[in-house]
Chemist: 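I'd like to ask some things about the structure below.
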Amino acid sequence: ILQRHPEIQRLLLVIDQFEELYTQSRDAEARDEFLKRLRGLIDDDRTTVLITLRSDFEPRPAASKLLRDLWGTSRYVVPAFSLEEYRDCIEGPAQEKAVYFDPASLVDELLDEVDAMPGALPMLSFALAEMYRNAQVRRRATGANDRALTQADYEATGGMVGAMHRRATVLYEEADPDARASIERVFLRMLSVEGDRLARRRVQRQELQWPEPEGERVDRVLKQYIDARLLVADGEAIEPAHDTLVAAWELLLDWRRQAKPQELLRALWRDTFDWTSSDRDPDLLWDDRPERLAEAESRTD
């Protein structure tokens with residue numbers, strides 16, 4: 001941009017979810033090349049680079065020889081909410097809608113869960129929505145006319161983590177066998193393995209395309225899980241709403257244990273995307289990269 005528009009004096013480059021440099025790519029050389037170019041932009045007086053990064057991935061760029069000298073002086077840690085700020089998140093919207101907690105100590109119980117869980121805000125939001133859903137079901141069943149969110153409504157969610165897992169499981173169990181297979185395929189594509197740690201992986205919609213009728217089933221599955229706030233869509237990108245959905249959902253862990261490794265499929269998809277985006281450059285084909293063909297053969301044995 002700076003080369004094409006020399007009249008621009010300053011450029012702000014924002015890179016969100018920088019951890020995807022490590023969860024999306026297994027190519028160390030490509031990562032190093034990206035970091036080298038990024039450092040060049042950082043050292044350019046006309047450019048300011050702003051990176052957002054999950055704290056659990058911070059050791060990776062902090063250890064990079066290209067960024068580590070900047071890390072100590074340039075990093076800013078976004079402070080976590082205090083418990084009082086979380087209390088405002090719980091009680092404020094309830095008061096706006098004339099909803100109350102019964103017993104009042106239920107708010108403190110929610111705060112205890114929040115206090116023990118990093119990155120709890122999306123989980124808290126989901127649990128409160130599930131509590132409200134349970135309260136509506138209870139009122140219809142009993143004919144009650146109260147505005148309460150009760151202890152029973154909360155316990156029916158299974159807690160913050162349990163609410164998300166329970167909802168994901170219910171959608172799976174309500175699906176027919178073909179749709180269940182589609183749900184499994186979709187979530188395995190959104191799972192990243194970083195050492196011994198599982199993390200959510202953002203994918204593009206193109207990566208979730210299959211021939212019909214599977215393509216239509218996948219579209220329905222995506223809509224169901226997005227509508228349930230278990231998947232998040234950002235333009236053409238889709239990812240699980242929270243890491244706990246891939247790190248501790250028992251169904252997904254079972255699928256992962258039984259499934260073949262996904263790394264080859266992801267590498268094939270990335271290279272196919274690069275190939276089609278480059279007017280089918282023959283130099284990008286795997287038959288010109290014997291090491292790739294050997295890897296593919298070993299993974300299909």
Chemist: Do Leu38 and Leu50 land in one hydrophobic cluster if side-chain heavy atoms of ILVMFWY residues count as linked below 4.5 Å?
Modeler: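 Per the 4.5 Å side-chain linkage, Leu38 and Leu50 are not co-clustered.
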Chemist: Once you round to the nearest 0.5 Å, how far does CZ of Arg39 lie from OG of Ser64?
Modeler: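 It is 9.0 Å, given to the nearest 0.5 Å.
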Chemist: Carefully, step by step, assess Tyr225 and Phe187 under the rule ring-ring contact (aromatic ring centres under 6.0 Å, His included).
Modeler: CA-CA 11 Å; Tyr225 278 81; Phe187 274 93; 5.2 Å; yes
Chemist: Between Thr169 and His165, is there a donor-acceptor pair closer than 3.5 Å when you use the side chain of the first and the backbone of the second?
Modeler: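 A pair under 3.5 Å: yes.
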Chemist: Identify whether Phe81 and Leu124 are in the same connected component of the hydrophobic contact network (ILVMFWY, side-chain heavy atoms under 4.5 Å).
Modeler: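 Yes.
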Chemist: Would you say Val232 ends up clustered with Val221 if hydrophobic residues are merged whenever their side chains have heavy atoms under 4.5 Å apart, either directly or through other cluster members?
Modeler: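 Looking at the clustering, Val232 is in a separate group from Val221.
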Chemist: Could you tell me if the side chain of Ile42 sits less than 4.5 Å from the side chain of Thr47, heavy atoms only?
Modeler: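 Not in contact.
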Chemist: Taking all heavy atoms of Ser182 and all of Glu214, pick out the closest pair and write down the distance.
Modeler: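 Looking at all heavy atoms of both residues, the closest pair is OG-OE2, 2.8 Å.
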Chemist: Determine whether Glu20 and Gln17 satisfy the following criterion, side-chain contact (heavy atoms from CB on, under 4.5 Å), listing intermediate values before the conclusion.
Modeler: CA-CA 6 Å; Glu20 291 184 358; Gln17 295 185 304; 3.3 Å; yes
Chemist: I want to check something: taking the side chain as every heavy atom from C-beta on, are Leu252 and Asp254 in contact at a cut-off of under 4.5 Å?
Modeler: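 No, their side chains stay 4.5 Å or more apart.
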Chemist: Do any N or O atoms from the side chain of Arg229 and from the backbone of Ala129 form a donor-acceptor pair under 3.5 angstrom?
Modeler: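 Such a contact is absent between Arg229 side chain and Ala129 backbone.
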Chemist: About how many Å separate CG of Leu208 and CZ of Arg189, when rounded to the nearest 0.5 Å?
Modeler: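 Separation between the atoms: 7.0 Å.
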Chemist: Grab the two heavy atoms, one from Val246 and one from Met190, that are nearest each other, plus how far apart they are.
Modeler: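 Val246 and Met190 have their closest heavy atoms at CG1-O, 4.1 Å.
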Chemist: Treating Asp234 as the side-chain partner and Ala237 as the backbone partner, does any N or O pair qualify as donor plus acceptor under 3.5 Å?
Modeler: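 It does not hold such a pair.
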Chemist: If I take atom CE from residue Met160 and atom OG from residue Ser125, how far apart are they, to the nearest 0.5 angstrom?
Modeler: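 Result: 11.0 Å between the selected atoms.
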Chemist: Do Glu155 and Glu109 come within less than 4.5 Å of each other through their side chains, counting heavy atoms only?
Modeler: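 A side-chain contact under 4.5 Å is absent here.
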Chemist: Does the Asp44 side chain pair with the main chain of Leu41, one donor and one acceptor, at a distance under 3.5 Å?
Modeler: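 Checking the backbone N and O of Leu41 against the side chain of Asp44, no donor-acceptor pair under 3.5 Å is found.
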Chemist: Please assess Tyr172 against Trp255 for the test ring-ring contact (aromatic ring centres under 6.0 Å, His included), listing each intermediate value before the final yes or no.
Modeler: CA-CA 13 Å; Tyr172 176 80; Trp255 298 336; 5.3 Å; yes
Chemist: Work out which heavy atom in Ala228 is nearest to a heavy atom in Phe126; give both atom names and the distance.
Modeler: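 For Ala228 versus Phe126, the nearest heavy atoms are O-CE1, 3.1 Å.
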Chemist: Between Arg220 and Asp178, does a salt bridge (Lys or Arg N to Asp or Glu O under 4.0 Å) hold up when you go through it step by step?
Modeler: CA-CA 12 Å; Arg220 288 202 306 268; Asp178 289 335; over 6 Å; no
Chemist: Do Leu251 and Val170 belong together in a cluster built from hydrophobic side chains that touch within less than 4.5 Å?
Modeler: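 No; Val170 is not reachable from Leu251 via cluster members.
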Chemist: Would you tabulate the side-chain donor-acceptor contacts of residues 87-106 under 3.5 Å, counting partners in other chains and residues two or more places apart, or write 'none'?
Modeler:
unit_1: Arg87; atom_1: NH2; unit_2: Asp108; atom_2: OD1; d: 2.8

Chemist: How far does CG of Leu149 sit from CE of Met131, to the nearest 0.5 angstrom?
Modeler: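 Reported value, rounded in 0.5 Å steps: 4.5 Å.
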Chemist: Treat each ILVMFWY residue as a node, draw an edge where side-chain heavy atoms are under 4.5 Å apart, and state whether Leu121 and Tyr132 are in one component.
Modeler: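 In one cluster: yes.
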Chemist: Quick check against the 3.5 Å criterion: does Glu174 have a side-chain atom that pairs as donor or acceptor with the backbone of Leu171?
Modeler: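 Not confirmed, Glu174 side chain does not pair with Leu171 backbone.
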Chemist: Any side-chain heavy atom of Asp153 sitting closer than 4.5 Å to one from Arg133?
Modeler: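 In short, these two side chains do not touch, never coming nearer than 4.5 Å.
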Chemist: Taking the side chain as everything from C-beta on, heavy atoms only, tell me whether Arg185 gets closer than 4.5 Å to Val218.
Modeler: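 Result no, sub-4.5 Å side-chain heavy-atom pair not found.
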Chemist: Less than 4.5 Å apart, any side-chain heavy atom of Val107 and any of Leu111?
Modeler: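 The answer is yes; the side chains approach within 4.5 Å.
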Chemist: Report the C-alpha distance between Leu83 and Asp115 in whole Å, list the side-chain angles of each, state the deciding distance to 0.1 Å, and finish with yes or no for side-chain contact (heavy atoms from CB on, under 4.5 Å).
Modeler: CA-CA 7 Å; Leu83 288 182; Asp115 198 29; 4.0 Å; yes
Chemist: How close do Ala241 and Arg200 get, counting heavy atoms only, and between which atoms?
Modeler: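 Scanning both residues, the minimum pair turns out to be O-NH1, 3.1 Å.
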Chemist: Going from CG on Leu53 to CH2 on Trp71, what distance comes out if it is rounded to the nearest 0.5 angstrom?
Modeler: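 Going from the CG atom of Leu53 to the CH2 atom of Trp71 covers 5.5 Å.
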Chemist: Can Arg201 and Glu239 be counted as an ion pair, charged N to O under 4.0 angstrom?
Modeler: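 Not counted as a salt bridge, because no side-chain N and carboxylate O are separated by less than 4.0 Å.
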Chemist: Verify side-chain contact (heavy atoms from CB on, under 4.5 Å) between Asn145 and Arg139, making sure each step is shown before the conclusion.
Modeler: CA-CA 7 Å; Asn145 193 29; Arg139 292 186 194 109; over 6 Å; no
Chemist: Is Asp32 salt-bridged to Lys65, cutoff N-O under 4.0 Å?
Modeler: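 Lys65 and Asp32: not salt-bridged.
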Chemist: Working to the nearest 0.5 Å, report the span between CG of Leu35 and CG of Leu66.
Modeler: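 With rounding to 0.5 Å, CG (Leu35) is 6.0 Å from CG (Leu66).
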Chemist: Could you check whether Glu130 pairs with Arg166 (Lys NZ or Arg NE/NH1/NH2 to Asp/Glu carboxylate O, under 4.0 Å)?
Modeler: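 No.
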Chemist: For residues Arg180 and Glu173, report the shortest heavy-atom separation together with the two atoms involved.
Modeler: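 For Arg180 and Glu173, the tightest heavy-atom pair comes out as NH2-O, 2.8 Å.
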Chemist: May I ask you to check whether over 12 heavy atoms, not counting those of Glu212, lie within 6.0 Å of atom CD?
Modeler: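 Yes, because the 6.0 Å sphere around CD of Glu212 holds more than 12 heavy atoms from other groups.
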Chemist: Would you check if Trp249 and Pro240 make a side-chain contact, meaning some heavy-atom pair closer than 4.5 Å?
Modeler: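 No, side chains not in contact.
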Chemist: Give a yes or no answer on whether the side chain of Arg202 reaches the backbone of Ile238 with a donor-acceptor pair at less than 3.5 Å.
Modeler: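 No, Arg202 side chain to Ile238 backbone: no donor-acceptor pair under 3.5 Å.
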Chemist: Grab the two heavy atoms, one from Thr157 and one from Ala127, that are nearest each other, plus how far apart they are.
Modeler: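 Closest approach of Thr157 to Ala127, heavy atoms only: CG2-O, 4.1 Å.
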Chemist: Contact between Leu222 and Leu231 at the side-chain level, heavy atoms closer than 4.5 Å - yes or no?
Modeler: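 SC-SC contact between Leu222 and Leu231 confirmed.
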Chemist: Checking Arg138 against Asn134 for the side-chain contact (heavy atoms from CB on, under 4.5 Å) test, could you report, in this order, the C-alpha distance in whole Å, the side-chain angles of both residues, the deciding distance, and whether it holds?
Modeler: CA-CA 6 Å; Arg138 171 178 55 80; Asn134 292 338; over 6 Å; no
